[in-house]
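Single-structure report; data block below.
Keep in mind that what you see is a predicted model, and the values were worked out from it rather than measured. What's counted below: heavy atoms across the whole structure, side chains too, no hydrogens, waters or symmetry copies.
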Amino acid sequence: MEANPTYSGRLTSEQFLFPEIRIAARLYLEGLSSGDAAARIKEENLFQYPTERETARLARACYKRLQALSSPRLVRELASAPAGVAKQINLYAMMRYNRLVWDFMTQVIGEKYRSQDFSLSKKDFHAFFSQLQAQNDAVAAWSEGTVRKIRSVLVRSLVETEHLDTNRSTVLNPVLLCEELEQGILANGDFAALAAFNDLR
């Protein structure tokens with residue numbers, strides 16, 4: 001797994017970004033560089049944001065996720081596959097790009113599926129962040145507000161991929177890993193990621 005080796009709180013602003021990464025993936029496949037894509041997205045208001053302030057930064061974040069996939073095939077699927085498939089691929093891209101998302105999905109969600117314990121409560125999030133803060137000085141320095149925002153993004157991402165029904169759900173759904181992502185995960189050798197999508201081989 002080639003995710004960033006350091007923990008970052010950037011998830012507070014980058015979030016799931018599904019419509020944005022679909023647009024970025026199409027530009028990526030056209031061969032545009034990150035800078036050229038960001039400029040085009042900004043000029044043509046492709047993200048349809050009310051202001052341009054965040055457009056270039058989030059376009060670059062999408063490109064970093066696409067590059068983290070290490071798979072042109074997964075980028076193509078992200079650009080054009082049905083939403084359910086593409087959302088799973090986006091979550092995997094988040095995992096590859098952001099170490100915190102990788103750790104949460106493999107250590108918390110993957111372990112829940114492995115143990116057939118489908119409950120997911122605030123206690124699980126608290127235990128995950130407490131352990132990270134005990135092990136990592138950068139995470140230990142995060143404010144309660146930052147942790148709360150990151151937790152909110154993680155929950156929203158689980159709702160987007162149908163791991164959870166709603167933001168308030170406390171029971172994980174038995175998701176089905178789409179074939180396109182399964183092949184991509186195996187090609188990357190990211191076997192630990194399989195359990196995060198309820199593939200318990």
Side-chain angles (χ1 to χ4, degrees), residues 1-105 138 146 149-163 167 177-190 193 196-197:
M1 201 278 296
E2 299 176 3
N4 193 319
T6 59
Y7 290 105
S8 166
R10 67 171 65 94
L11 201 62
T12 56
S13 59
E14 292 179 1
Q15 316 227 354
F16 195 66
L17 299 179
F18 181 64
E20 292 89 344
I21 203 165
R22 292 270 258 191
I23 292 165
R26 292 171 191 136
L27 299 178
Y28 186 94
L29 293 170
E30 288 180 22
L32 270 67
S33 69
S34 174
D36 288 345
R40 183 162 156 192
I41 288 167
K42 188 173 181 178
E43 287 166 11
E44 300 179 17
N45 193 22
L46 297 180
F47 285 175
Q48 297 185 344
Y49 290 167
T51 68
E52 294 182 346
R53 193 168 56 88
E54 296 292 301
T55 301
R57 185 178 64 80
L58 293 179
R60 286 191 293 270
C62 288
Y63 253 61
K64 287 176 183 175
R65 284 188 198 173
L66 294 170
Q67 290 161 351
L69 282 172
S70 301
S71 169
R73 182 178 179 185
L74 285 182
V75 175
R76 286 195 299 273
E77 296 290 350
L78 191 43
S80 59
V85 172
K87 284 182 177 183
Q88 282 194 0
I89 295 170
N90 186 39
L91 180 54
Y92 175 59
M94 292 171 70
M95 291 169 66
R96 299 260 309 171
Y97 170 51
N98 188 306
R99 183 180 176 187
L100 185 143
V101 182
W102 175 273
D103 286 356
F104 174 76
M105 291 302 299
T146 295
K149 285 179 185 175
I150 292 173
R151 184 181 69 205
S152 174
V153 175
L154 291 171
V155 169
R156 187 70 235 166
S157 300
L158 292 173
V159 173
E160 290 280 358
T161 53
E162 299 183 359
H163 283 73
N167 287 351
L177 175 63
C178 67
E179 182 179 352
E180 296 86 348
L181 179 54
E182 176 190 3
Q183 292 173 359
I185 289 173
L186 294 175
N188 281 335
D190 282 341
F197 297 91

Begin from the C-alpha positions of F47 and K42 and carry the test side chain to side chain contact (heavy atoms under 4.5 Å, CB included) through to its verdict.
CA-CA 8 Å; F47 285 175; K42 188 173 181 178; over 6 Å; no
Of the non-hydrogen atoms in [X] and [Y], which two are nearest, and what is the gap between them?
{"X": "C178", "Y": "V85", "result": "SG-CG1, 3.7 Å"}
{"X": "R22", "Y": "A86", "result": "NH1-CB, 3.2 Å"}
{"X": "H163", "Y": "A196", "result": "NE2-O, 2.8 Å"}
{"X": "L181", "Y": "Q88", "result": "CD2-O, 3.5 Å"}
{"X": "K149", "Y": "T12", "result": "CB-CG2, 3.8 Å"}
{"X": "N188", "Y": "S70", "result": "OD1-O, 3.7 Å"}

Any side-chain heavy-atom pair from [X] and [Y] closer than 4.5 angstrom?
{"X": "L32", "Y": "Y63", "answer": "yes"}
{"X": "N167", "Y": "R156", "answer": "yes"}
{"X": "R57", "Y": "S13", "answer": "yes"}
{"X": "L154", "Y": "L158", "answer": "no"}
{"X": "D190", "Y": "Y92", "answer": "yes"}
{"X": "M95", "Y": "F104", "answer": "no"}
{"X": "M94", "Y": "F16", "answer": "yes"}

Rounded distance (nearest 0.5 Å) linking atom [atom1] of [X] with atom [atom2] of [Y]:
{"X": "I150", "Y": "Q15", "atom1": "CD1", "atom2": "CD", "value": "10.5 Å"}
{"X": "I41", "Y": "T55", "atom1": "CD1", "atom2": "OG1", "value": "8.5 Å"}
{"X": "C62", "Y": "L27", "atom1": "SG", "atom2": "CG", "value": "10.0 Å"}
{"X": "N90", "Y": "E20", "atom1": "CG", "atom2": "CD", "value": "9.5 Å"}
{"X": "S71", "Y": "Q183", "atom1": "OG", "atom2": "CD", "value": "10.0 Å"}
{"X": "I21", "Y": "L58", "atom1": "CD1", "atom2": "CG", "value": "11.0 Å"}

Check: A79 main-chain N/O paired with R26 side-chain donor or acceptor under 3.5 Å:
yes
Salt bridge between R40 and E43, side-chain N to carboxylate O under 4.0 Å?
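Looking at E43 together with R40, the answer is no, because their closest N to O distance does not fall below 4.0 Å.
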So, are K64 and E14 salt-bridged, with charged N and O less than 4.0 Å apart?
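So K64 does not pair with E14 through a salt bridge.
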Is the number of heavy atoms from other residues, nucleotides or ligands within 6.0 Å of CD (E162) greater than 12?
no
Take R96 and R65 through the side chain to side chain contact (heavy atoms under 4.5 Å, CB included) test and state the conclusion after the steps.
CA-CA 7 Å; R96 299 260 309 171; R65 284 188 198 173; over 6 Å; no
Step by step, would you call I89 with E77 a side chain to side chain contact (heavy atoms under 4.5 Å, CB included)?
CA-CA 8 Å; I89 295 170; E77 296 290 350; 3.5 Å; yes
Determine, step by step, whether L91 and E160 satisfy the side chain to side chain contact (heavy atoms under 4.5 Å, CB included) criterion, reporting the C-alpha distance in whole Å, the side-chain angles of both residues, the deciding distance to 0.1 Å, and the verdict.
CA-CA 9 Å; L91 180 54; E160 290 280 358; over 6 Å; no
